[in-house]
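A short write-up of the structure that comes next.
Because only heavy atoms are used, hydrogens play no part in the values below, and waters and symmetry mates are left out as well, while side chains stay in. In each ligand, atom 1 is the first atom listed, and ligand 1 is the first ligand listed.
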Amino acid sequence: MTDVAVIGAGLAGCTAARQLSEIAKIKVYEKSERSGGRIATRFSCVHQFDHGAQFFTARSSEFEDFLTPLVDLGCVARWDGRFAEYDGAQLVRQTEWGSSPPHWVGTPTMSGFVERLSDDLDCVFNVEVARAEKEKDRWVLFDTQGNLLGDYDWIILTAPAPQTHNLLPNEISFKSQVGLIKMLGCYSLMLGYQRAVNLPFDAALVKNANVSWISVNSSKPNRKNFSMLVHSTNRWAEHNMNTDLAEVQGKLFEFTSEILGFNVKSADYVETKRWRFANSVRQTDQPFFLDRDNQVASCGDWCMRGRIEAAFLSAKKLAVELLKDL
Ligand SMILES: Cc1cc2nc3c(=O)[nH]c(=O)nc-3n(C[C@H](O)[C@H](O)[C@H](O)COP(=O)(O)OP(=O)(O)OC[C@H]3O[C@@H](n4cnc5c(N)ncnc54)[C@H](O)[C@@H]3O)c2cc1C
């Protein structure tokens with residue numbers, strides 16, 4: 001069997017690995033302690049926060065078909081939230097989310113369905129691949145300490161574009177194209193409360209402000225204990241990417257309190273996360289990258305658009321193409 005190393009256990013990495021596992025021997029390397037990537041959930045003692053992706057929609061029949069068994073298993077459910085739009089601090093629109101289109105979330109955590117997908121894969125967690133070198137027609141991977149991880153016929157890189165670009169050796173045909181893909185940062189502010197706060201929405205899109213999104217995380221199916229999630233705009237995050245995290249948190253308190261009309265700093269639990277590569281700016285005209293001569297491929301949301309469905313489709317399309325080669 002062909003030996004394949006997949007770098008990254010986000011949705012794209014897990015999808016590619018599962019699609020190819022019947023015809024190849026796959027090993028997945030993930031630098032975090034669990035799978036999910038930017039589909040992520042963080043816990044305090046009593047609260048949980050989906051601090052990366054918030055929800056997803058399914059526009060393609062391929063993604064719908066993928067979701068159906070996960071819905072049946074209870075790993076994915078509809079979030080029929082009360083939706084609001086703000087223009088600055090002004091509430092300008094309120095609607096109910098229904099079935100057209102459904103807004104899906106992982107349950108009981110956002111990342112749970114990706115963890116389920118990785119359950120029967122050979123994943124190595126807490127290992128960052130730092131270097132990939134070609135030796136005698138085989139790919140040899142090393143970790144950050146220079147330890148040898150293994151050697152493979154093919155490697156598939158699924159990390160965000162700038163990280164994939166850093167890992168790709170110069171001779172790879174698509175390296176320069178990946179280098180052109182810019183990804184934007186974002187900050188997540190997590191707010192946990194002992195007592196529920198009365199808000200006119202479960203999910204709110206905010207325009208003309210430095211905050212782009214405020215949601216009641218605990219309004220998603222099967223969540224406990226009142227928690228809120230705030231995202232900065234990409235623009236504000238990019239301008240403040242190197243600002244001290246405590247200062248960023250102070251600013252996010254200020255922006256959010258102004259919109260909601262009360263001081264969010266009084267939350268019982270607070271945490272802020274910096275996402276250096278949250279979303280991709282550019283859509284390319286190819287859903288994945290492939291260098292057949294060197295036996296290297298790359299996929300991920302950033303090949304198409306910065307969305308969960310795109311991560312799945314990019315990996316699925318790459319796997320269909322690779323099935324011809326392996
Ligand atoms: C704040 C935020 C909000 C978002 N909101 C939404 C939303 O509401 N709806 C939506 O559809 N999408 C949203 N997205 C985008 C969505 O999360 C992504 O499109 C999707 O998760 C991308 O999946 P992926 O597998 O392509 O990449 P990732 O999830 O980034 O997976 C890549 C994996 O590679 C690992 N990795 C990286 N480098 C290495 C290395 N050297 N060695 C080993 N492992 C490595 C990473 O740890 C990660 O697990 C959001 C993202 C963020 C950050």
Exercise. Check each atom of ligand 1 against the heavy atoms of Ile39 and keep those under 4.0 Å away; list them by number with element.
Key: 21 (O)
Practice problem: Using distance alone, decide if ligand 1 has a nitrogen or oxygen within less than 3.5 Å of any nitrogen or oxygen in Leu167. | Solution: no
Quiz item: Which residue holds the protein heavy atom closest to atom 42 (N) of ligand 1, what is that atom called, and what is the gap in Å?
Solution: Val129 N, 2.9 Å
Exercise. Have a look at Leu322 and tell me which of Thr2, Ile156, Ile23 forms a side-chain contact (heavy atoms from CB on, under 4.5 Å) with it.
Key: Ile156
Practice problem: Return a yes/no value for Ile7: is any of its N or O atoms, backbone included, closer than 3.5 angstrom to an N or O of ligand 1? | Solution: no
Exercise. Among Arg42, Arg38, Lys220, find the residue that satisfies the salt bridge (charged side-chain N to carboxylate O under 4.0 Å, His left out) test when tested with Asp50.
Key: Lys220
Quiz item: Short N/O distance, under 3.5 Å, between Glu30 and ligand 1?
Solution: yes
Exercise. Return a yes/no value for Asp301: is any of its N or O atoms, backbone included, closer than 3.5 angstrom to an N or O of ligand 1?
Key: yes
Quiz item: Is the closest heavy atom of Gly36 to ligand 1 under 4.0 Å?
Solution: yes
Practice problem: May I ask you to check whether Ala311 has an N/O atom sitting below 3.5 Å from an N/O atom of ligand 1? | Solution: no
Quiz prompt | Heavy-atom neighbours of Asp72 CG exceed 12 at 6.0 Å | solution = yes
Quiz item: Which residue owns the protein heavy atom closest to atom 51 (C) of ligand 1, what's the atom, and how far is it?
Solution: Ala278 O, 3.7 Å
Self-check item: Presence of salt bridge, Arg82 and Asp202, under 4.0 angstrom
Solution: yes
Exercise. Taking atom types as modelled, find out whether Glu62 and Ser60 have a side-chain donor-acceptor pair closer than 3.5 angstrom.
Key: no
Exercise. Would you mind listing which atoms of ligand 1 come within a distance below 4.0 Å of any non-hydrogen atom of Ser32?
Key: 47 (O)
Practice problem: Out of Ala310, Pro160, Ala159, indicate the one that has the non-hydrogen atom closest to atom 38 (N) of ligand 1. | Solution: Ala159
Exercise. Answer whether the closest heavy-atom distance between the side chains of Leu121 and Ser118 falls below 4.5 Å.
Key: yes
Self-check item: Under 3.5 Å side-chain donor-acceptor pair for His231 and Ser212
Solution: no
Self-check item: Side chain to side chain, Thr95 and Arg93, heavy atoms closer than 4.5 Å
Solution: yes
Quiz prompt | ligand 1 contact on Gln163 by region, counting heavy-atom pairs under 4.0 Å | solution = side chain
Quiz item: Which atoms from ligand 1 have a heavy atom of Leu11 less than 4.0 Å away?
Solution: 25 (O)
Self-check item: From Phe226, Tyr269, Phe43, residue fulfilling ring pair (Phe, Tyr, Trp, His ring centres under 6.0 Å) relative to Phe49
Solution: Tyr269
Practice problem: Just need the protein heavy atom nearest to atom 31 (O) of ligand 1, so name the residue and atom and give the distance. | Solution: Gly10 CA, 3.5 Å
Quiz item: Counting each atom of ligand 1 from 1 as listed, which ones have a heavy atom of Gly300 under 4.0 Å away?
Solution: 26 (O)
Quiz item: What part of Val127, side chain, backbone, both or neither, has a heavy atom within less than 4.0 angstrom of ligand 1?
Solution: backbone
Quiz item: Who's closest to atom 6 (C) of ligand 1 heavy-atom-wise, of Ala130, Ala315, Ala53?
Solution: Ala53
Quiz prompt | Shortest heavy-atom approach to atom 17 (O) of ligand 1 - which of Lys273, Arg38, His231, Arg305 | solution = Arg38
Quiz prompt | Neighbour count >12 (heavy atoms, 6.0 Å) for atom NZ, Lys273 | solution = yes
Practice problem: Answer yes or no: does an N/O atom from Ile308 fall short of 3.5 Å to an N/O atom of ligand 1? | Solution: yes
Exercise. Starting from atom 34 (O) of ligand 1, find the nearest protein heavy-atom neighbour and note its residue, name and distance.
Key: Gly8 CA, 3.2 Å
Quiz prompt | atom 44 (N) of ligand 1 - nearest protein heavy atom and its distance | solution = Lys31 N, 3.1 Å
Practice problem: Step through the shown structure and confirm whether more than 12 heavy atoms of other residues, nucleotides or ligands are within 6.0 Å of CD on Glu171. | Solution: yes
Quiz item: Any side-chain heavy atom of Lys251 within less than 4.5 Å of one from Tyr187?
Solution: no
Exercise. Verify salt bridge (Lys or Arg N to Asp or Glu O under 4.0 Å) between Asp143 and Arg131, making sure each step is shown before the conclusion.
Key: CA-CA 7 Å; Asp143 70 9; Arg131 202 154 39 95; over 6 Å; no
Quiz item: Are any of the N/O atoms in Glu128 less than 3.5 Å from those in ligand 1?
Solution: no
Quiz item: Can a salt bridge be assigned to the pair Asp268 and Arg195 using a cut-off of 4.0 Å between side-chain N and carboxylate O?
Solution: no
Practice problem: Going by the ring pair (Phe, Tyr, Trp, His ring centres under 6.0 Å) test, name the single residue among Phe66, Phe113, Phe288 that passes it with Phe312. | Solution: Phe66
Quiz item: So, Lys316 and Glu309, do they make that salt bridge, N to O below 4.0 Å?
Solution: no
Quiz item: Of all the non-hydrogen atoms in the protein, which one sits nearest to atom 15 (C) of ligand 1, and at what distance?
Solution: Gly306 O, 3.6 Å
Quiz item: Identify the closest protein heavy atom to atom 8 (O) of ligand 1: which residue and atom is it, and at what distance?
Solution: Gln54 N, 3.1 Å
Quiz item: Which residue supplies the protein heavy atom nearest to atom 32 (C) of ligand 1, what is that atom called, and how far is it?
Solution: Thr158 O, 3.5 Å
Practice problem: Counting heavy atoms only, name the option from Tyr29, Phe56, Phe312, Phe55 that's nearest to atom 9 (N) of ligand 1. | Solution: Phe55
Quiz item: Looking only at N/O atoms, are Trp275 and ligand 1 under 3.5 Å apart anywhere?
Solution: no
